[in-house]
Amino acid sequence: MIRVVDSAPHVSAPVLAAYSYCEAVTGQQARNFAYGIRLLPTAKRRAMSALYAFSRRVDDIGDGDLADEVKLARLEDTRALLTRIREDEVEEDDTDPVAVALGHAARAFPIPLAGLDELIDGVQMDVRGETYETWDDLKAYCRCVAGAIGRLSLGVFGTEPGARGAERAAEYADTLGLALQLTNILRDVREDAEGGRTYLPADDLAKFGCSAGFRAPTPPEGSDFAGLVHFEVRRARALFAEGYRLLPMLDRRSGACVAAMAGIYRRLLDRIERDPEAVLRGRVSLPGHEKAYVAVRGLSGLDTRHVTRHVSRRSVRRRA
C-alpha cells in the first residue's frame, strides 16, 4: 500500500463530511482513479474526488435504465446544479454533498467548470445514440467525456512556476484524456455492444471487417479483429506519448498521480495488445500488485524523467 502523509488546511465539518462522501464514491466506483489520487496532498485529493463524484453522477444518468427523455431532463437538471455551483450559490449545509464538495473545491482551485458542461454534452450524445463515422468524429466525443476531465484535473494540479512549455499544458492534459478514453473503449467493446453502443469509428470497423459488431465472445466471422485492435492501440500509444509531455510541468505529487493513472491504462493497453480477443471474453484489468508498482514508479519520478529526456533529445534534433 502506498501511504503519503501531509497536512491540509482546516475545513468545516459539513464540507469535510461532503468530501468524505465523495471519496467513498470514488473508492467504490473508480479503483484505478482512486489509486492514482491517493498520491496527492489532501486538499488536491479531496478536490479530485469531488470532480469524480460529480462526473460519476452524470455518467450514471446516461448509463441508467430510465427512458431517454427522462435521462435528458435529468442531465439538464444536473447542468442547472452546475450553474449554481459555478455562481457560488451552494451553501455548506446544502443537502447535496457532491455540490457542497465541488463548490468548495472550485473556490480553492482554478477549476474550469465549463469542462463539466462538456461532459454533460458528451453523455447527451450517448443518450441520443450517436455513432462515429471517423476518428475525428470520435475524437470530438472523447474530448467531451475525457479530454475535459484532463483539463479539469489540471485546474487542481496546476503547473510548476516557470515550467517550460506550460502554455500547452491544457492541450497535453486533453490529449492524455483522449488516450485513457480510447483505452476504455477498447477494454469495454463487448460490454458497450451488449448495451447497444458502438464507439469505434465506422470506417475503422469496415476496414477490418468488423462492421457486424461485438455482441459475441468471438470476433465477427471473416474479420481481422486483431488488426483492428492493434491499429487502435497504436493510435492510443501516440496519444499517450503526446499527453505524457504534461508530466515535467507538474509538481512531484501531481506528476506521480498522473503517471500512476496513465501508467495503469498503458499496462491495460499492453495486455489488450498481447491478447486482443480477451476484451470479447470479459473485462481486462490489472492485479493490485501491478498497480502498486505503477504507483511507486510514478512517485519515484521515473516516468517524468524519461519524458524530460525524450523531449530534450527531440529539441536537440530539431535544432541540429
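Position 1 is the first residue of the sequence, and the numbers go up from there.
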Can you measure from [atom1] ([X]) to [atom2] ([Y]) and round to the nearest 0.5 angstrom?
X      : Y      : atom1 : atom2 : result
Arg252 : Glu160 : CZ    : CD    : 12.0 Å
Arg74  : Ile120 : CZ    : CD1   : 14.5 Å
Leu186 : Leu228 : CG    : CG    : 7.5 Å
Lys44  : Ser153 : NZ    : OG    : 11.5 Å
Leu138 : Leu182 : CG    : CG    : 7.0 Å
Thr159 : Arg164 : OG1   : CZ    : 15.0 Å

So, [X] side chain and [Y] main chain: donor-acceptor pair closer than 3.5 Å or not?
X      : Y      : answer
His230 : Ala226 : yes
Asp204 : Pro201 : no
Asp188 : Glu191 : no
Arg271 : Ser285 : yes
Thr183 : Ala179 : yes
Ser223 : Pro220 : yes
Ser55  : Leu51  : yes
Tyr19  : Ala105 : yes

Please answer: with hydrophobic residues joined when any side-chain heavy atoms are less than 4.5 Å apart, are Phe231 and Leu200 in the same cluster? yes
If every non-hydrogen atom of [X] is compared with every non-hydrogen atom of [Y], which pair is closest and at what distance?
X      : Y      : answer
Gly62  : Arg197 : O-NH2, 3.0 Å
Ala262 : Leu180 : CA-CD1, 4.2 Å
Val145 : Gly122 : CG1-CA, 3.8 Å
Ala259 : Tyr244 : O-OH, 4.0 Å
Ala99  : Leu81  : CB-CD1, 3.9 Å

Do you see a donor-acceptor pair shorter than 3.5 Å between the side chains of Glu242 and Thr175? no
With a 4.5 Å limit on heavy-atom distance, are the side chains of [X] and [Y] in contact?
X      : Y      : result
Arg86  : Asp117 : yes
Leu280 : Pro219 : yes
Tyr52  : Cys22  : no
Glu277 : Val229 : no
Leu250 : Leu154 : yes
Phe157 : Met249 : no
Cys257 : Met261 : yes

For residues 51-61, pull every pair meeting salt bridge (charged side-chain N to carboxylate O under 4.0 Å, His left out), keeping only residues two or more places apart or in separate chains. Arg56-Asp60, Arg57-Asp96
Selection residues 119-133 - residue pairs positive for salt bridge (charged side-chain N to carboxylate O under 4.0 Å, His left out), sequence neighbours left out: Arg79-Asp121
Please evaluate residues Asp63 and Lys71 with respect to the criterion salt bridge (charged side-chain N to carboxylate O under 4.0 Å, His left out), reporting the C-alpha separation (whole Å), side-chain torsions for both, the decisive distance (0.1 Å), and the verdict. CA-CA 9 Å; Asp63 292 337; Lys71 289 182 180 182; over 6 Å; no
Taking the six-membered ring for Trp, are Tyr199 and Tyr132 parallel (under 30°), tilted (30 to 60°) or perpendicular (over 60°)? parallel
Could you walk me through whether Leu113 and Leu102 pass the side chain to side chain contact (heavy atoms under 4.5 Å, CB included) check? CA-CA 10 Å; Leu113 291 177; Leu102 185 57; 4.3 Å; yes
Check the pair Asn184 / Tyr265 against side chain to side chain contact (heavy atoms under 4.5 Å, CB included), numbers first and verdict last. CA-CA 8 Å; Asn184 268 336; Tyr265 278 87; 3.3 Å; yes
Is the number of heavy atoms from other residues, nucleotides or ligands under 6.0 Å of Tyr21 OH greater than 12? no
Count the heavy atoms of every other residue, nucleotide or ligand shown that sit under 6.0 Å from CD of Glu89, and state whether that count exceeds 12. yes
Run the side chain to side chain contact (heavy atoms under 4.5 Å, CB included) check on Val127 and Leu75 step by step: do they pass? CA-CA 10 Å; Val127 173; Leu75 287 170; 4.2 Å; yes
Ring-face cation contact, Phe240 with Arg235, 6.0 Å cut, 45° max: no
Dump the intermediate steps for side chain to side chain contact (heavy atoms under 4.5 Å, CB included) on Leu39 and Arg253, then the final yes or no. CA-CA 6 Å; Leu39 302 174; Arg253 299 269 289 274; 5.5 Å; no
Less than 3.5 Å apart, which donor and acceptor atoms pair up between the side chains of residues 205-218 and the rest of the protein, not counting sequence neighbours?
from   : atom 1 : to     : atom 2 : distance (Å)
Arg215 : NH1    : Ala193 : O      : 3.4
Arg215 : NH2    : Ala193 : O      : 3.4

Given Asp192 and Arg187, is the salt bridge (charged side-chain N to carboxylate O under 4.0 Å, His left out) satisfied, shown in steps? CA-CA 10 Å; Asp192 289 333; Arg187 181 194 63 185; over 6 Å; no
